[in-house]
Amino acid sequence: MATEAVRLDGVTRRFGAMVALHEAWLKVRHGEFLTLLGPSGCGKTTLLNLIAGFLAADGGEIFIEGALVTATPVWQRDIGMVFQNYALFPHMDVARNVAYGLATRGVNKAEAAQRVAEALALVKLTGMAGRRPRELSGGQQQRVALARALVIRPKVLLLDEPFSALDRNLRGAMQVELKEIQQRLGITTIFVTHDQGEALSMSDRVAVMSAGRIHQVGTPEEVYRRPADRFVAGFVGDVNRLPARLLGREGDTAQVAAGACHFTVPAAPLAGLAPGAAVELFLRPEQLAPAPAGGPALLEGVVVARVYQGDRMELHLEAAGVPGRVLLRLPGHAPGVGEHGSHLAVQAQPQPDAMAFPPTT
Amino acid sequence: MDAQVADMPASLAAPSRVPKLSVQRIGKRYGKLDALLPMDLDVAPGEFVTILGPSGSGKTTLLQIIAGLTEPTCGRLLIDGRNETDTPPHRRGIGVVFQNYALFPHLTVAENVAFPLQMRRMPAAELNRKVAATLEMVGLGGLQHRFPRELSGGQQQRVALARCFVYQPALIIMDEPLGALDRKLRETMQLEIRRLHRDTGATILFVTHDQDEALALSDRICLLNQARIEQLGTPQDIYERPASLFVADFIGLSNVLRGTLEAGGLRTADGLLPLPPGATPASGSLAALVIRPEHVELDPAEGPALAGRVTETVYAGSEHRLVVTLGSGASLILRRTASQGSLPLGAPVLLGWPAERAQLLRP
């Protein structure tokens with residue numbers, strides 16, 4: 001297994017004048033759970049459909065298990081696919097829906113029955129084989145779709161926003177279940193979502209996309225703590241953007257100053273800027289805290305909203321010189337801290353994952 | 001129900017204030033099916049109450065009865081102390097905002113917002129002034145000549161909000177108004193709705209299935225389950241003092257340890273666990289302790305120490321969640337901050353929690 005499970009070499013797809021996917025380069029490892037994350041229209045579903053073969057590439061090559069498949073039709077790519085809207089056959093019962101891909105592949109009846117039973121057991125639907133899709137809940141229908149994708153023993157499992165039609169609690173349960181099944185089978189999985197929480201919690205690696213381009217491929221921790229650019233920083237989590245100044249550079253790191261505080265940040269995004277240049281400092285909400293009285297403050301602002309979230313309280317501040325609002329997350333319900341309309345001095349937690357980028361022009 | 005009403009903050013339960021909305025023993029049956037069991041709910045003037053619940057819990061039925069779109073099988077509905085049970089919808093003085101905007105596609109933004117005022121035959125000068133002021137309030141000043149199709153989803157929802165706020169209805173009902181928006185926009189609009197609520201003093205009844213939205217917006221949450229009120233209380237009450245396992249499970253993450261009560265605590269497969277102070281349970285009955293993940297500690301200084309192994313780690317950016325499986329096979333979730341970091345799979349750990357952070361509930 002010297003090769004990757006899936007490889008894209010400069011794959012491009014246009015729709016008329018619009019470039020939906022611009023020269024995508026991507027290697028997906030064997031048994032890996034890779035998520036394509038991005039806002040709607042970023043090209044993530046296009047990329048998935050190109051791998052599946054539902055769309056043809058306008059340029060570049062696609063390999064599955066080392067074999068060139070750019071021109072191979074869908075049904076010969078050994079791909080299992082799960083869609084957001086389940087796409088079950090309403091007139092067929094669960095067992096026939098799951099068996100569908102086996103019949104078209106010429107698997108004999110006895111073996112098909114055995115494999116359907118195994119697939120239904122895997123998705124915890126044993127005993128439901130005779131039900132029609134309309135007699136099942138949304139979560140159960142999506143399990144049928146997953147069983148149908150897995151029963152053909154595909155080389156790669158592709159899922160396009162499979163849980164976005166489900167309500168929150170069910171979505172959480174299905175995420176855990178999919179991850180367990182994926183790990184048990186060790187199947188290479190490419191998952192499309194616009195939900196950053198889903199991407200961070202489920203993936204081995206995440207490819208963050210915007211406007212037809214892959215901005216960064218990395219582990220969840222890499223894309224959250226060390227985003228490659230301001231788009232990735234803003235999309236994979238909430239971020240505060242604060243005016244700051246570049247002090248200097250040393251090797252891979254740079255020093256920036258904001259308020260009365262200094263931060264060490266990766267130097268790469270600031271290449272070409274001279275000391276003294278204005279930069280934007282990016283800090284996650286959980287890396288800010290109220291400053292003790294008299295201590296050095298990063299900024300001072302007025303609390304314009306307190307948003308209770310059960311395990312935490314979110315404070316929204318308006319601060320002079322800071323475009324947009326400053327967001328803090330405090331544990332618990334933070335009684336007495338940052339009442340609505342009060343002034344609050346803010347500092348950063350020790351050794352925060354700070355990033356800095358050149359200001360937008 | 002009586003106990004829940006008694007739990008209300010004194011300011012909201014003060015008898016001198018006539019509730020803006022009073023639902024009195026209102027129920028709805030379809031044949032043999034109870035869509036809504038007879039229930040009571042008072043909403044104070046200026047209050048923001050969220051009706052929260054899973055699909056099929058009865059929240060839409062309750063909303064439709066209040067709006068006058070469905071007739072209740074029993075009970076009375078009072079608005080400002082007047083019996084409006086049989087009043088047709090358009091005479092109830094209720095403004096409604098739906099998920100799908102329901103804007104008129106052939107009318108401009110200003111014409112859409114002016115519509116309810118024209119229906120009320122407001123003079124043109126006053127009408128124009130109100131429309132302009134309301135568009136300014138929702139951040140749409142300057143877009144009055146656009147058509148709905150020329151606006152983003154968030155902007156269209158603002159038009160729907162403006163069309164509702166412009167005629168200052170006594171009571172505003174919002175039915176999953178942010179359901180169609182993506183997460184970032186939804187959070188922005190939540191803050192917008194909070195601001196509108198504060199600035200106008202309107203009484204708002206908000207329906208959602210999203211627990212975070214309910215926690216973020218509400219003065220009180222009315223949590224429905226299986227056609228009845230499961231709990232009515234402030235967001236903090238509901239999160240920190242859930243009345244049942246359903247509530248604990250529906251709102252946020254919960255750890256549940258089940259067992260049998262005895263003199264010294266709750267006897268579970270993982271040992272005898274101390275009860276929260278003040279709990280006076282009957283020995284021999286089944287019960288459950290509920291502990292929120294943020295209160296579960298590693299290597300606790302005091303209290304019980306349950307031995308387990310890390311069996312799953314979930315990265316959530318701002319925090320790590322660890323799943324620890326105990327000797328009995330039961331599992332507990334705990335939160336670790338980004339700076340505390342995660343632990344390797346298989347690591348042996350000792351877990352505990354401050355006894356007062358646990359809730360004792362019926363199984």
Side-chain angles (χ1 to χ4, degrees), chain A residues 39-40 137-138 164 166-170 172 175-176 179-180 183 194-203 206 219-225 234-239 284-287 304-314 316 325 327 329 331-333 335 340-341 349-353, chain B residues 53-56 153 179 182-185 187-188 190-195 198 208-219 221 234-236 238-240 242 248-254 292-295 311-321 323 333 335 337-339 341-342 357:
Chain A
S40 62
S137 69
S164 48
L166 306 177
D167 73 30
R168 166 90 67 94
N169 290 359
L170 187 55
Q175 287 166 359
V176 171
K179 186 73 190 180
E180 280 174 9
Q183 283 176 335
H194 65 271
D195 179 333
Q196 52 94 10
E198 191 166 76
L200 292 181
S201 66
M202 298 187 73
S203 318
V206 180
T219 65
E221 217 157 333
E222 283 165 358
V223 298
Y224 188 82
R225 298 181 61 184
F235 196 79
V236 300
D238 293 313
V239 76
R284 302 275 181 212
E286 64 274 14
Q287 300 182 323
V304 293
R306 274 171 73 84
V307 180
Y308 181 65
Q309 291 283 266
D311 63 308
R312 62 186 187 272
M313 181 68 83
E314 297 187 346
H316 297 248
R325 288 187 172 167
L327 178 63
R329 280 199 184 112
H333 53 91
H340 189 268
Q349 305 278 17
Q351 277 129 36
D353 291 321
Chain B
S55 56
D182 69 31
R183 188 183 69 94
K184 296 232 159 171
L185 189 53
E187 286 173 2
T188 307
Q190 284 171 9
L191 292 173
E192 197 83 350
I193 288 174
R194 279 169 61 108
R195 190 178 60 78
R198 207 176 41 243
T208 184
H209 66 273
D210 181 330
Q211 37 160 345
D212 289 344
E213 192 161 277
L215 290 174
L217 287 172
S218 321
D219 293 322
I221 295 171
T234 65
Q236 210 172 313
I238 294 221
Y239 185 81
E240 295 186 357
D249 189 53
F250 193 79
I251 308 270
L253 292 172
S254 287
R292 295 289 188 188
E294 59 271 26
H295 296 140
T311 49
E312 197 185 328
T313 62
V314 178
Y315 184 62
S318 58
E319 63 178 21
H320 298 267
R321 287 182 214 126
V323 181
I333 303 174
R335 298 178 192 273
T337 63
S339 54
S342 187
R357 291 300 196 175

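Chain identifiers are assigned alphabetically (A, B, ...) following the order of the sequence lines, protein sequences preceding nucleic acid strands; residue numbering begins at 1 within each chain.
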Working to the nearest 0.5 Å, report the span between [atom1] of [X] and [atom2] of [Y].
{"X": "B:Glu319", "Y": "A:Asp311", "atom1": "CD", "atom2": "CG", "answer": "6.5 Å"}
{"X": "A:Arg325", "Y": "B:Thr188", "atom1": "CZ", "atom2": "OG1", "answer": "9.0 Å"}
{"X": "A:Tyr224", "Y": "B:Ser318", "atom1": "OH", "atom2": "OG", "answer": "4.5 Å"}

Should A:Met313 and B:Gln236 be marked as a side chain to side chain contact (heavy atoms under 4.5 Å, CB included) after you check the CA-CA gap, both sets of side-chain angles, and the distance that decides it? CA-CA 11 Å; A:Met313 181 68 83; B:Gln236 210 172 313; 5.9 Å; no
More than 12 non-hydrogen atoms from neighbouring residues, nucleotides or ligands closer than 6.0 Å to CZ on B:Arg195, yes or no? yes
Considering only heavy atoms, which portion of A:Gln351 lies under 4.5 Å from any heavy atom of chain B: side chain, backbone, both, or neither? neither
What part of A:Val304 is in contact with chain B, defined as an atom under 4.5 angstrom from a non-hydrogen atom: side chain, backbone, both or neither? backbone
State, to 0.1 Å, how close A:Ala305 and B:Leu191 come at their nearest heavy-atom pair, and which atoms those are.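 The answer is CB-CD2, 3.8 Å.
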What are the two closest non-hydrogen atoms of A:Val307 and B:Ala216, and how far apart are they? CG1-CB, 3.2 Å
Tell me, for [X] versus chain A, whether the close heavy atoms (under 4.5 Å) come from the side chain, the backbone, both or neither.
{"X": "B:Arg198", "answer": "side chain"}
{"X": "B:Arg292", "answer": "neither"}
{"X": "B:His320", "answer": "side chain"}
{"X": "B:Arg321", "answer": "neither"}

Under 3.5 Å donor-acceptor, A:Gln309 side chain and B:Asp212 backbone: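 Yes, the answer is positive, given that a donor and an acceptor are paired below the 3.5 Å cut-off.
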Winner by heavy-atom pair count (cut-off under 4.5 Å) against chain B, out of A:Gly310, A:Gly197, A:Ser201, A:Pro352: A:Gly310
Only pairs of heavy atoms separated by less than 4.5 Å count here; which of A:Lys179, A:His194, A:His316 has the most with chain B? A:His316
Flag the one option from B:Arg194, B:Glu294, B:His209 with the top tally of heavy-atom pairs under 4.5 Å to chain A.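 It is B:Arg194.
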